[in-house]
Every structure is written in C-alpha cells, then in structure tokens.
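Okay, structure first, notes after.
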There are 2 protein chains.
Amino acid sequence: MEKLSKELIGASSIPIILSILSKNESYGYEIIQNVKEISNGKIEYGDGTLYPVLHKLEKKELIESYWKMGESGRKRKYYKISNKGKKQLLSEKENWTIINQIISKLWKIEPSLT
Amino acid sequence: MEKLSKELIGASSIPIILSILSKNESYGYEIIQNVKEISNGKIEYGDGTLYPVLHKLEKKELIESYWKMGESGRKRKYYKISNKGKKQLLSEKENWTIINQIISKLWKIEPSLT
DNA sequence: TTTTATACATCGAACTTCTATGTATATTTG
DNA sequence: CAAATATACATAGAAGTTCGATGTATAAAA
C-alpha cells in the first residue's frame, strides 16, 4: 500500500478536513482516524501535523471549536464548520475540478509512455 | 477568470512540468507560456518560481538540461525528461488518481451544501 | 501496576514557494 | 538611433508549511 506524496497531502488536507466537518462535528483524534479509514490507510496525519492545521483553519474562521467532556471523562475539542468555511469548501471544490481538467487534458494528449 | 490556490499550483507543478517535457523538450520561458496557455491563464508561474523548480528536478535527475543558441541569438537552456523522470511521472499520475478517488468519494456522500 | 490508547499542544528542523532583484540580449516602437 | 518591451535565466531573502519529537494528561486494558 503506497503512501501519497507530501505535496498532495498538503494540497488536499484543507478540502478533506472541511469536507469531513461539513458532515459532522468532530475532534482532532477522530478526524485522523476518519481520514485514515476513508483513504484506506493512504493518508495518515500525525497529530503534530493535524492540530496546527486545525488551529490555522480556526484562525481563519473557517471552523469553530468548543470543549466537550465526553461520557468517558476525557475532554475533547470539537470542531464545526462555519458559514465562511462552507463557502471556502465550495471554492476548494471548484479549484480541484479546474486543476483536474487541466491535468487530465495534459495527460490525454500525451504520447504513450510505455 | 479565477486563479487557482497556491497549494494546488504547488502540488500540480511537478506532474505538469514533467508532463510537458515528456512531450517535447522545452526551456523555462516557453514552459511558463505553455502552462499559461493550457490552463487558460489560470496557472501563471513567475520565473522566480519556475526556475528553482527546474533546478530541483534536475538535481533529482528527473530532467536533464543543455544550452542551445537559438536562431535568434539568445541562448536557451533546454530541458528534457530522463528515464527516471518518466517513471516519476507515472508515479505522480497514480498518486493523483488515488487522491482524486478519495476526494470524490468524500464529496459524493456529502449532504447538500446549497 | 504497567502499558496502550485516547486526546491535545507546541517547538524546531527542514523544505517550499514567492517576491524582488539582477544580468543580459533581441525586437519593436517612437 | 534611442528607449521601451519581450525574451531568458538566476538567486537571495521572506514567509509559510509540514513533520517528527517531545510533553502533558486521562481512561482502559493487560
């Protein structure tokens, strides 16, 4: 099972995280598990990687957080997407679609590489 | 005409450049024009952005360069893709396909955002 | 009682990209 | 013919990023 390149992981992390939070409120640890599951283990954020991204998104007001004491007794910081974040997600989707078109256009007219 | 995000431009630059060079040998200035054209102006590399990328690719031996005096008298540094670069391009394509599947999966099961 | 899993946070190293700046030649315009 | 513009490459420094390492703390499992 091959891992993805850092560049792609970096470029995809914000749309992926916003996408997850647009479906359900969640917290850091759960997001890491979720992404790992969705990607079949191909994307595995380290906690030292994800938390700064969440902080950055919060600073940009794309997501909001609140502390919640779980039934378990452990406290969790839940994140939810904001309206601004929803707009951003739409914009990210458009961007992704555009770049995909550019790239697939490039690859289609390419001579065989075999 | 909307410009693409820096993250996406960064993540796509290597596959795009390798893709272009897999079709024709080219030089920095021409690559910039070419990408601008292919993307309908959505991707516009600055020269200060592209040249370091080319140097990096050359250092990794994914491309090779040679100087050529054009008919015009101006000298150009032509780049061509290496065998290693062709393999890399295949790998980049796979990565791109994988991340696309992950993302589109995420977006498909998402509730309406309208 | 020790280890593992859960849960969040931050620091510093390493790496990248981008803007600005510099050099130089050919062509076009006034 | 002089000035401006387009062509062509290069690098330094600022700013931003990711990631591994490290630290704290609690709950559950062994």
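Side chains are part of it too, since the values below use all heavy atoms of this structure and drop only hydrogens, waters and symmetry mates. The sequence lines fix the lettering, A, B, ..., with proteins before strands; numbering per chain opens at 1.
Rounded to an integer number of Å, the gap from A:Leu54 CG to C:dC8 P is 9 Å. Taking atom OH of A:Tyr45 as the reference point, atom C1' of C:dA7 lies 18 Å away to the nearest angstrom. Rounded to a whole Å, the CD1 atom of B:Ile9 is 16 Å from the C1' atom of D:dG16. At whole-Å resolution of the value, CD in A:Glu7 and P in C:dT16 are 7 Å apart. Atom CZ of B:Arg76 is separated from atom C1' of C:dA24 by 15 Å (rounded to the nearest Å). The nearest whole Å value for the distance from the CH2 atom in B:Trp67 to the P atom in C:dT25 is 12 Å. Counting to the nearest Å, the P atom of D:dT7 and the CG atom of B:Leu50 are 15 Å from each other. Between the CG atom of A:Asp47 and the P atom of C:dA5 there is a distance of 14 Å, rounded to whole Å.
When each of B:Gly48 and B:Val53 is assigned the nucleotide of DNA chain C with its nearest heavy atom, B:Val53 is the one assigned upstream, toward the 5' end.
Within residues 25-34 of chain A, no residue has a heavy atom under 4.0 Å from DNA chain D. Using a 4.0 Å cutoff on non-hydrogen atoms, the parts of residues 55-66 of chain B near DNA chain D are B:His55, ordered by number.
Residue B:Ser39 holds its OG atom at 11.0 Å from CD1 of A:Ile103, rounded to the nearest 0.5 Å.
When the side chain to side chain contact (heavy atoms under 4.5 Å, CB included) test is applied to B:Gln101, the partners found at least two apart in sequence or on another chain are B:Thr97. With sequence neighbours left out, the salt bridge (charged side-chain N to carboxylate O under 4.0 Å, His left out) criterion links B:Lys77 to no other residue.
At least one side-chain heavy atom of B:Ile16 sits under 4.5 Å from a side-chain heavy atom of B:Ile43. Contact annotation: the side chain of A:Leu21 never approaches that of A:Lys80 to less than 4.5 Å [non-hydrogen atoms, C-beta and beyond]. Side-chain contact between A:Ser12 and A:Trp96 is present, with at least one heavy-atom pair separated by less than 4.5 Å.
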Scan the side chains in residues 47-64 of chain B for donor-acceptor partners under 3.5 Å anywhere in the protein, sequence neighbours excluded, and list what turns up.
residue: B:His55; atom: ND1; partner: B:Tyr51; partner atom: O; Å: 3.4
residue: B:Glu58; atom: OE2; partner: B:Ser65; partner atom: N; Å: 3.4
residue: B:Glu58; atom: OE2; partner: B:Ser65; partner atom: OG; Å: 2.5

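OP1 or OP2 of C:dC18 sits under 4.0 Å from a side-chain N or O of B:Thr49. For C:dA9, neither phosphate oxygen OP1 nor OP2 lies less than 4.0 angstrom from any side-chain nitrogen or oxygen of A:Tyr51. Taking 4.0 angstrom as the limit, B:Lys77 places a side-chain polar atom (N or O) nearer than this to OP1 or OP2 of D:dA10.
Annotation: ring-ring contact (aromatic ring centres under 6.0 Å, His included) contacts involving residues 24-47 of chain B, sequence neighbours excluded, comprise B:Tyr27-B:Tyr78.
The side chain of A:Arg74 lies closest to C:dT6, out of C:dT6, D:dT7, D:dA10.
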Full working for side-chain hydrogen bond (donor to acceptor under 3.5 Å, both in side chains) between A:Gln88 and A:Glu92
CA-CA 6 Å; A:Gln88 181 66 30; A:Glu92 299 276 351; 2.9 Å; yes
